[in-house]
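Here the structure is laid out as structure tokens; the discussion comes afterwards.
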Amino acid sequence: MSTVNVTFADGTVNSYASGVSCGDVIVDIHGSKHSCIAARLNGVDVDLSRPIQSDASIEGIDVSSTDGLHILRHSAAHLLAQAVMALYPGALPTIGPAIDRGFYYDFAMDPISENDLKTIEKKMIELARKNLAVSRVEMSEAELKNEFSYNPYKIEIIEDKLEAGGGSTMYQQGDWGDLCLGPHVPSTVKLQHVRLTSVSSAYWRGNQDNEQLVRIYGIVEPTKEALQHTLHQMEEAKKRDHRKLGKDLQLFHIDEEVGQGLILWTPRGSIVRQELQEFIRYHLTRQGYHQVFTPHIGKLDLYRTSGHFPYYQESQYPPLVERDLMKKLSEDGCTCGELSNLMQTGDIDGYMLKPMNCPHHIKIYASQPRSYRDLPLRLAEFGTVYRWEQSGEISGMTRVRGFTQDDAHLFVTEDQLADEVLGCIELVQIIFEHLDMKDYRVRVGLRDPDSNKYVGESSKWDKAEQACRNAAQKLGVAWTEEPGEAAFYGPKIDFVVKDVIGREWQLGTVQVDYNLPERFELKYKGSDGEMHRPVMIHRAPFGSMERFCGVLIEHFAGKFPTWLTPTQCHIITISEKHKAYAHEVAEELRKHDVRVNVDDGDDTIGKKIRVHRALQPAYMVILGDGEMEDRSVSLRARNGDQISGLPLDEFIVSLTSEIEQKIPQPSLVPNQER
RNA sequence: GCCACUGUGGCUUAGCUGGUAGAGCAUCUGAUUCGUAAUCAGAAGGUCGGGGGUUCGAAUCCCCCCAGUGGCUCCA
């Protein structure tokens, strides 16, 4: 009998009979109670049942490792398909991958509702408990086609993915087999801790023109405890949702009658926004930006020149047409379609809500002759723009139809480009640091080498792309190059922040643009006496105030740092006797620009604390006999910790300094945790 | 825009298979003046998202709109 030498991760080499399974070898390494669900054989992930025929290296893939969870989730998707097939005989499974938080599977079937998930989940658990072995079957293309002849989707995948003549594998568990490369768990029993979370729809192969499929989402964990933990985390995440907190903390309101995706900033929310704007304005001034203001609308011709109209027509609010023209058109019986045609051809004019600020800023640049001595010219504005997002896409503050960008446009020479890009990036970093935002990544969007949709000379692109890379490099955080992610007019750097639910939001962006200077024929006189074309940089470190505040609410779970807290101190009296002192303290704090709320009502102290806690002030200031006597205050922090007898003067000094320095969380009461 | 689900006073919510709305918190009015997560009593507040239909009768059934949620598609 021949033998094989197997090398373990720690370098040990052991001999086994040829054909020994990976699973047996892993039992040898880790003992029979190991928690591996697959193996890595010569660097390739395989099933535990895979036999070893020649010398190899091996390591176990633990179920709770990233790769292990991925396999577990993928296997759970198969189990889901098996359950659905058992319950809905007419259903056709299509694809079912593992995703970040779980798995899904798409089926061509009649729509089902969330109520049906319980039934399917029960079936899954029932099948899991049957301890069905999951086996890998190698098949030729002809065999696969025969096996899946009932399912045109699988046939399409076979024809698409398989090399002509090459076979693939099927994974069989009980009476259900699925086209798949694997690897998978050895038995369905590993998949008992599963929960189906939602049902929705998706298009076949992600294409809107294709038929809609029923997509079922689920999560799976190796143990009951892990599943409970994950479910608990999902609950916690929901509590942080900015849409819920926005209501609880009275930060913003969206009104049906005002319109979808249009944010009404309430007084408390406006404070957060205002503070952020002041903060950024301060840094902009220091970096040599000029503040400008521009109107919310502009003529259609402006956007014809910029290229935003009619190219982006679907994602804009319809144009505003002058009254007389509107009347005439309606009298002539002009249809909407005809109207739209007339606008496109430029036969009639009107105004548009601005979808972006650049054309307006460009016109400020072009309003006077520029020389190289004027550059870089940096124009900044908190500019409100309007975009017609699809109704199904609108959500809270993070996806809206009207929003204010912390926008700026830099007009620079080729030579200044690299430095200016870097300057923009540094600003973003200052902001993120002050807000204690660490969970973000940087994406450098480059040209797709195979596409010719880009404008501008390739030598300039090379230079600009290099400038973006260099800038990202200097940041010292994780960054990736993403070919094909560039705008058609230039490369860009995006800041992508992760929210508590794990969704990623693009916030800040820095984009290099060769296109608009060309379209608007911008010029400056160089030191050589010749006219040159400037390069533009678009940048918005927060992205939009709406989205940024939305993400920020979740980031802080509504517990803002003191400088951003809408009402920083809530003063609470113990009884009527302390009313006068309470107002005196409030006055004193207001003199130092502290935002104060006084509750001198006749509720009990316990009740008041309960009520005020909901609004998450940085501090509750409790005032009673003791405090009144020695002109002190007692503080209660958000977590319930408290200190008493702090002299009023001392309190004011510490508090104002905490605000001034923008300390990322309240710090006046010891041992606080956020 | 597409699919599924949801929509009851400011907020949270009860209301089974149709008989014409109940509660808690908040609000207001009294009483209470109280040391760190709900003091007591009373009052006011809803044409049940909007419109149409079926029915003797609709918050409950049907249709159309509007809005929200989860996804898909999209995101200059």
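Reminder, nothing fancy here: chain letters follow the sequence lines and each chain counts from 1. These figures come from a predicted structure and were not determined experimentally.
- No close placement of the A/Y105 and A/F103 rings is indicated, their centers lying 6.0 Å or farther apart.
- Using a 4.0 Å heavy-atom distance criterion, A/K577 is classed as a sugar-phosphate-only contact.
- For B/A58 and B/A26, the P atoms lie 36 Å apart once the distance is rounded to whole Å.
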Identify all pairs in which a protein N or O lies below 3.5 Å from an N or O of nucleotides 74-76 of chain B, and state each distance.
unit_1, atom_1, unit_2, atom_2, d
B/C74, O2, A/R399, NH2, 2.9
B/C74, N3, A/E393, OE2, 3.3
B/C74, N3, A/R399, NH1, 3.4
B/C74, N4, A/E393, OE2, 3.4
B/C75, N1, A/R399, NH2, 3.4
B/C75, O2, A/R399, NE, 3.2
B/C75, O2, A/R399, NH1, 3.1
B/C75, O2, A/R399, NH2, 3.0
B/A76, N6, A/S315, O, 2.8
B/A76, N6, A/S315, OG, 2.8

Protein-nucleotides 3-12 of chain B N/O pairs closer than 3.5 Å?
unit_1, atom_1, unit_2, atom_2, d
B/C3, O4', A/Q212, OE1, 2.6

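- A gap of 28 Å separates the P atoms of B/C72 and B/C63, to the nearest Å.
- Taking the six-membered ring where tryptophan is involved, the planes of A/Y303 and A/H360 are tilted, since the angle between them lies from 30° to 60°.
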If you look only at distance, which donor and acceptor atoms sit under 3.5 Å apart when one is on a side chain in residues 538-549 of chain A and the other is two or more places apart or in another chain?
unit_1, atom_1, unit_2, atom_2, d
A/H538, ND1, A/H409, NE2, 3.1
A/H538, NE2, A/D513, OD2, 2.8
A/R539, NH2, A/D406, O, 2.9
A/S544, OG, A/E546, N, 3.4
A/S544, OG, A/R547, N, 3.0
A/E546, OE1, A/T404, N, 2.9
A/E546, OE2, A/W265, NE1, 3.4
A/R547, NE, A/T398, O, 2.9
A/R547, NH1, A/Q506, O, 2.9
A/R547, NH2, A/T398, O, 3.1

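- Take A/D248 and apply the salt bridge (charged side-chain N to carboxylate O under 4.0 Å, His left out) test, not counting sequence neighbours, and it matches A/K244.
- As judged by a 4.0 angstrom heavy-atom cut-off over every strand, A/S644 is placed among residues making no nucleic acid contact.
- Using a 4.0 Å heavy-atom criterion, one finds that A/Y217 contacts the sugar-phosphate atoms exclusively.
- Residues A/K354 and A/T294 have side chains that bring a donor and an acceptor to within less than 3.5 angstrom of each other.
- Side-chain N/O atoms of A/T565 and A/K559 include no donor and acceptor closer than 3.5 Å.
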Measure all distances between protein nitrogen or oxygen atoms and nitrogen or oxygen atoms of nucleotides 46-48 of chain B, and list the pairs falling under 3.5 Å.
none

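- Just one residue in the list A/T509, A/N357, A/T384 forms a side chain to side chain donor-acceptor pair (under 3.5 Å) with A/Q405, and that residue is A/N357.
- Between the P atoms of B/G71 and B/U54, the separation comes to 40 Å (whole Å).
- Partners of A/D448 under the salt bridge (charged side-chain N to carboxylate O under 4.0 Å, His left out) rule, at least two apart in sequence or in another chain, do not exist in this structure.
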Nucleotide N/O of nucleotides 24-29 of chain B paired with protein N/O under 3.5 Å:
unit_1, atom_1, unit_2, atom_2, d
B/A26, OP1, A/K607, NZ, 2.8

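- Listed in residue order, the members of residues 624-632 of chain A having a heavy atom less than 4.0 Å from RNA chain B are A/G624, A/D625, A/G626, A/E627.
- The C1' atoms of B/U20 and B/U6 are separated by 24 Å, rounded to the nearest whole Å.
- With sequence neighbours left out, the salt bridge (charged side-chain N to carboxylate O under 4.0 Å, His left out) criterion links A/K123 to A/E126.
- Contacts of A/I394 with the nucleic acid, taken as non-hydrogen atoms under 4.0 Å apart, involve only primed sugar atoms and P, OP1 or OP2.
- When each of A/S198 and A/Q642 is assigned the nucleotide of RNA chain B bearing its nearest heavy atom, the one mapping closer to the 5' terminus is A/Q642.
- If A/R215 and A/Q260 are placed on RNA chain B by their nearest nucleotide, the residue sitting closer to the 5' end is A/Q260.
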Donor-acceptor contacts under 3.5 Å from residues 249-256 of chain A side chains, at least two apart:
unit_1, atom_1, unit_2, atom_2, d
A/H253, NE2, A/D255, OD2, 3.1
A/D255, OD1, A/E257, N, 2.8

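- The separation of B/G9 from B/G50, taken at their P atoms, amounts to 9 Å, rounded to a whole angstrom.
- Note on A/G392: a base of the nucleic acid sits closer than 4.0 angstrom, heavy atoms only.
- Listed by chain and residue number, A/R378 satisfy the salt bridge (charged side-chain N to carboxylate O under 4.0 Å, His left out) test with A/E420 (two or more places apart in sequence, or in another chain).
- Salt bridge A/K608/A/D603: absent, no basic N to carboxylate O contact under 4.0 Å.
- In secondary-structure terms, RNA chain B builds stems of at least 3 consecutive Watson-Crick or G-U pairs, each pair having both distances under 3.5 Å, at B:1-7 with B:66-72, B:10-13 with B:22-25, B:27-31 with B:39-43, B:49-53 with B:61-65.
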